[in-house]
Structures are given as C-alpha cells and as structure tokens.
Amino acid sequence: MQFRLPRGTQDRLPEDQPYWEYVTSVAREQARLFGYGQIDTPVFEHAGLFQRGVGEGTDIVEKETYTFPDRSGEDVTLRPEGTAPVCRAYLEHGMHTRPQPVRMHYFCPIFRYERPQAGRLRQHHQFGVEAIGDGDPSVDAEVIDLGWRFTTALGLQGLSLAINSIGDPSCRPQYLAALKDYYAPRLGEACPDCRMRYERNPLRMLDCKRTDFACQDLVAEAPRITDFLCADCDVHFATLRRYLEALDIPFFINPTLVRGLDYYTRTVFEILPPEEGAQSVVLGGGRYDGLIEQLGGRPTPGIGFGSGLERLILNVKRQEAAALSDGAPVDAVVVSLGEAAASVAVRLASDLRQAGHRAVLAQPGRSLRGQMRHASALNARYTLVLGDAEVAAGTVQVKSMDTGEQREAPLAEAASLVSRA
RNA sequence: GUGAGCGUGGCCAAGCGGUAAGGCACCUGACUGUGGCUCAGGAAAUCGAGGGUUCGAAUCCCUUCGCUCACCCCA
C-alpha cells in the first residue's frame, strides 16, 4: 500500500455515516431549539488571529498549529479551535448591531498537530456554540444547558458536568500571587513541567496529573481560586449555580478545572462521560469576556463550548446508546439476460430512480445466478428480472426477496409494485 | 516531545530457521432464466521497508517507517 491516511486523520466510510448523521442531527436540533443559527467560517485563517486570540503561550498555538506560508508568503493557520474565527466574524460583520447576544452554532474540522491516540486526532470535528454580546450569568446557564441537553439527548448515560470560575482580570492576579506564594517554598517537590508553569502559566499547575512527583498533594492543598473571586465574579458564579439548580442540571465544582486557552474568564466547564479514559472530555467551554477586545473590538463578553464529534461517537458506540446501521441500501435490483434485455434494464433502473426508489442495475453480462446473488448481498427488497420473453411481452418479473414470491407485471407497473412495502 | 506494545492477501489470523495454513469477504460453477444454505473451483501476500547473520529467514540481529495505547495537552 503506497498511500495511507495522514497520521491522526480518518476516513468516514458509508457504514460510519449513520453515527455521524445521528450526532449532528441531535446537535442541530438542540441548536435550533435554543435559537442558535448556523455560522460557517473558513478552514484556514491568518495565523495572527489565533496567536492574538488563543494566546501565544498556549500549547495549542505554541506547538500544535498547522501554520505555513501561502504562495504570497503570508502565514496561514488551519483552524485549531472554533471560537476565535467566530469572534472574528462577529467583528467583521458588525454583529454588535444585532440583538445581543448573537447566538450561533457551527460544525467544523479542527486541526492540531498532536500525537494521536484513542479519542485524539490531528483532524477532528467539533460541534460548537457561541453566544456573544451578553455577560449575564443566565447566558452561561443557557450555554451549559444546551451542552447538557445535547449530550444527554444522544442517549449517553452517567455524564457529569464540572464547572469552575477562574475569575477575571480584577481578581485573578491576586489569586496567582497567592498561588505562587504557596508553591514557592515547595517548588522543588513539583514535577519539571510544573516548575516551568510556575513561571509561565501558574494556573496550569492545578491541571497537573502527574503522580510521580508531589504535584497531586500540592494541588490538593493549594489555595482555591473560588476563595479569591472579586465581588462581581463571585456573584456571577453564585448566580450561575442557582440557575443550574433551577434547571435541574447536576453539576460539581472542580476548583482545579482550568482550561488550556488563554482567553477564558470566569465560567469554565466540562462534560465528562463515566469512563475513566484519558481523553474523556466530550464537551468543554467557558466565558471569554476579553477575547473580542483582544481581537480589536470594543469590550464584548462572550461564552461558548466546543464538543468533539469523534469522541461523542466513541461513547455512543461504547455505551450502545444508539444502534445504527445502513438498513437496506436498495429497494430494487434490476437483473437482465441478453443484450436486448440489458437496454430495457438500464432504462428500467433509471425510471425507478426517477420514481423515487433506490435502484441498482446488476451487471448485465453476469449469469442470472450471479446477478441474483448480488441482489441478495445488497439486501435488496425486490429483484426485477428481464429476459427475452419479458422484453417481447413488455413485462418484468417482480420478485420479493423476503418472501420469494414472484409475479409478472407490465413494465409500466414496476415502480408502483416496488412502492408497496 | 517522552514511554510501551504491535506490523503476514481487502479484513481476521496460523506459522517463530527449511522456503506462506485457515476463516470472512469477493469472483466462477453445480443439467445451462433465479438469491440467501451447501459443495467445488478461482483470484488475491515482494510476510511494513532496508541491511546483516545463515547453505537457507516471515521466523534471529540492526536500522528505519507505520499503527496502537499511555504521558503531555485537549474535544
């Protein structure tokens, strides 16, 4: 085999489509119910959009983007996340003049140069949602509600929702200072990565999962951001929790939940399946009140989430939440014997399709037995047989593949016979 | 980027130093115009690639590529 899939990509074969169709249709329906219109943005953008928006210090931008110069020498980047492009579009099309917040959803491929493993690809697809232009906690609750309805509507069991608040520019600095004060004397016990994070992005130390150093103990006793929230952030977070309770959405506060993109403020959340898999997060998002301004717009709040469709399908299959198959791919297979019949058969198959039936022509040269086998293998409901006798009489043999019953009928009636299930 | 496991026809898979089983799928046929069962036959593998050891290697050694899983990070 000379050519293979590029690493971390996958083909979606005909038999995979029902799962794809299932997940996207459930997503589409929830987006519709919540009033989120669809937006599509390009697969690539100017590299600067993500550097500015997502943050140069993040792993995603630092070492995972597919960035390369186009023929004019300008750097373009394959979309590594969905939010920045939507915010760019919000600004570019003056959406601040629309009723706020502007609610939008999207389906798009996402590219990140990573080492692939279960549930992690270099090209994956996300269903995402953004509500831009309203900072009220009711919007946080709405977006989380949408995510929760979506994942539960898929039939997934045992999901859990983790939420946290990571503050905003008025209170996070104080917390970071407290966090560094706490770590400073014990930094020697932390893993090398955490020691680096201490300087560059202390919040991420909370996210460390290494057990070969004291990181877990350090995290457990570390000061909690929720104890450092300023009055506004505190009220915001409390109100969100009240709304979630009103919605009867079960959640737990994970004080170490920190997301990897720089633009998040206040609310962050994740939905996880019950399996203890490493790549488990199936939906994640948060509020990004500083992002639009970062991209050159007026200060504008926003919140959204991204959800990995491949991971969702993995879970749907694992839990057998939905058993999906192609079903019978064809209604009728047209079988012919002899050259005269072949021409009539070609026409009959075409006429059947025009009448709305899924019709397939068996290869005219093959033996009757071979053509019948083919019809059987395709799981056809009917086989229509044309030989010299039928052609002369202007008829066709209509055979039900389920019952084995066969009757001769005028050619013109073939379509209506197939219609009868 | 780090670590581990694995690479035999389209798919699954035996063989583990003597020169490639088997199953699924595909194609053909079984008194020649009828499927799904059965039977017979057929096509399909430079045993991931390169090098080495050996009279001889899919089987041993080295290198390399790829796949998978975990770490990291994230959806």
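A, B, ... follow the sequence lines: proteins, then strands. Residue 1 opens every chain.
Look at OH on A/Y263: it is 11 Å from P on B/rC74, rounded to the nearest Å. In this structure, A/E64 atom CD and B/rG1 atom P are separated by 12 Å, rounded to whole Å. Note: CE (A/M372) to P (B/rG29) measures 15 Å, nearest angstrom. As a whole-Å value, the separation of A/R369 CZ from B/rG41 C1' is 14 Å. Separating the CG atom of A/L368 from the C1' atom of B/rU28 is a distance of 15 Å, rounded to the nearest angstrom. Note: CZ (A/F111) to C1' (B/rC74) measures 16 Å, nearest angstrom.
The side-chain hydrogen bond (donor to acceptor under 3.5 Å, both in side chains) search around A/D227 returns none, not counting sequence neighbours. In this structure, the ring-ring contact (aromatic ring centres under 6.0 Å, His included) partners of A/Y263, at least two apart in sequence or on a different chain, are A/Y288. Residues meeting the salt bridge (charged side-chain N to carboxylate O under 4.0 Å, His left out) test with A/D168, sequence neighbours left out: A/R266. With sequence neighbours excluded, the residues forming a salt bridge (charged side-chain N to carboxylate O under 4.0 Å, His left out) with A/R103 are A/E142, listed by chain and number.
Residue contacts shown for A/G128 are absent, as no nucleic acid heavy atom lies under 4.0 Å away. In this structure, A/Q397 reaches the bases: a heavy-atom distance under 4.0 Å links it to at least one base atom across the strands shown. In this structure, A/L121 reaches the bases: a heavy-atom distance under 4.0 Å links it to at least one base atom across the strands shown. Residue A/L283 is classed as a sugar-phosphate contact, given heavy-atom separations below 4.0 Å to backbone atoms only. If you check every strand for non-hydrogen atoms under 4.0 Å, A/Q123 touches nothing.
For the side-chain contact (heavy atoms from CB on, under 4.5 Å) with A/V396, the lone residue among A/V334, A/V385, A/L348 that qualifies is A/L348.
The minimum heavy-atom distance linking A/I144 with A/I163 is given by the pair CD1-CG2, 4.4 Å.
In this structure, of B/rG33, B/rC74, B/rG36, it is B/rC74 that holds the atom nearest to the side chain of A/R112. Residue A/V281 has its side chain nearest to B/rC74 when only B/rC74, B/rG35, B/rG33 are considered. Side-chain proximity of A/M401 to the nucleotides B/rG1, B/rG35, B/rG33 is greatest for B/rG35.
Looking at A/T83 and A/E130, their side chains do bring a donor and an acceptor atom within 3.5 Å of each other.
Sequence neighbours left out, the pairs with a member in residues 38-54 of chain A that pass salt bridge (charged side-chain N to carboxylate O under 4.0 Å, His left out) are A/E45-A/R88. Under the ring pair (Phe, Tyr, Trp, His ring centres under 6.0 Å) criterion, no residue pair touches residues 336-371 of chain A, with sequence neighbours excluded. For residues 22-33 of chain A, every residue pair satisfying the salt bridge (charged side-chain N to carboxylate O under 4.0 Å, His left out) rule, not counting sequence neighbours, is listed here: A/E29-A/R32. Residue pairs satisfying the ring pair (Phe, Tyr, Trp, His ring centres under 6.0 Å) criterion with at least one member in residues 123-148 of chain A, sequence neighbours excluded, are listed as follows: A/W20-A/H125, A/F107-A/F127, A/F127-A/F150, A/F127-A/F305.
Ion pairing of A/E221 with A/R186 is present here, as a side-chain N (NZ or NE/NH1/NH2) and a carboxylate O approach within less than 4.0 Å.
OP1 or OP2 of B/rC69 has not a single side-chain nitrogen or oxygen of A/Q117 nearer than 4.0 Å. Close to B/rG29, at under 4.0 Å from its OP1 or OP2, lies a side-chain N or O of A/S367.
B/rU32 and B/rU59 are spaced 49 Å apart, taking the C1' atom of each and rounding to whole Å.
Note that A/K317 lies in the cation-pi zone of A/Y19, set by a 6.0 Å cut-off to the ring centre and a 45° limit from the axis. A/Y113 carries A/R122 over the face of its six-membered ring, with the cationic atom under 6.0 Å from the centre and within 45° of the normal.
Of the two residues contacting RNA chain B, namely A/K399 and A/I271, the nearest-nucleotide position lying further toward the 5' end is that of A/K399.
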Every protein N/O within reach of nucleotides 25-27 of chain B N/O, cut-off under 3.5 Å:
residue: B/rC27; atom: OP1; partner: A/R366; partner atom: NH1; Å: 3.4

Polar pairs (N or O, both sides) under 3.5 Å between protein and nucleotides 2-6 of chain B?
residue: B/rU2; atom: O4; partner: A/R115; partner atom: NH1; Å: 2.5
residue: B/rG3; atom: O6; partner: A/R115; partner atom: NH2; Å: 3.3

Output one line per pair: protein atom, nucleotide atom from nucleotides 64-66 of chain B, and distance, for all N/O pairs under 3.5 Å.
none

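Side-chain to base pairing of A/Q406 with B/rU34: one donor and one acceptor N or O lie within less than 3.5 Å of each other.
Note: A/N254 CG to A/F252 CZ = 5.5 Å, rounded to the nearest 0.5 Å.
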| Where each pair must be Watson-Crick or G-U wobble with both distances under 3.5 Å, what dot-bracket representation of RNA chain B is obtained, with crossing pairs in [ ] and other-strand partners as |? | ((((((((.[[[..)..(...]]].(((((.......))))).....[[[[[..)....]]]]])))))))....
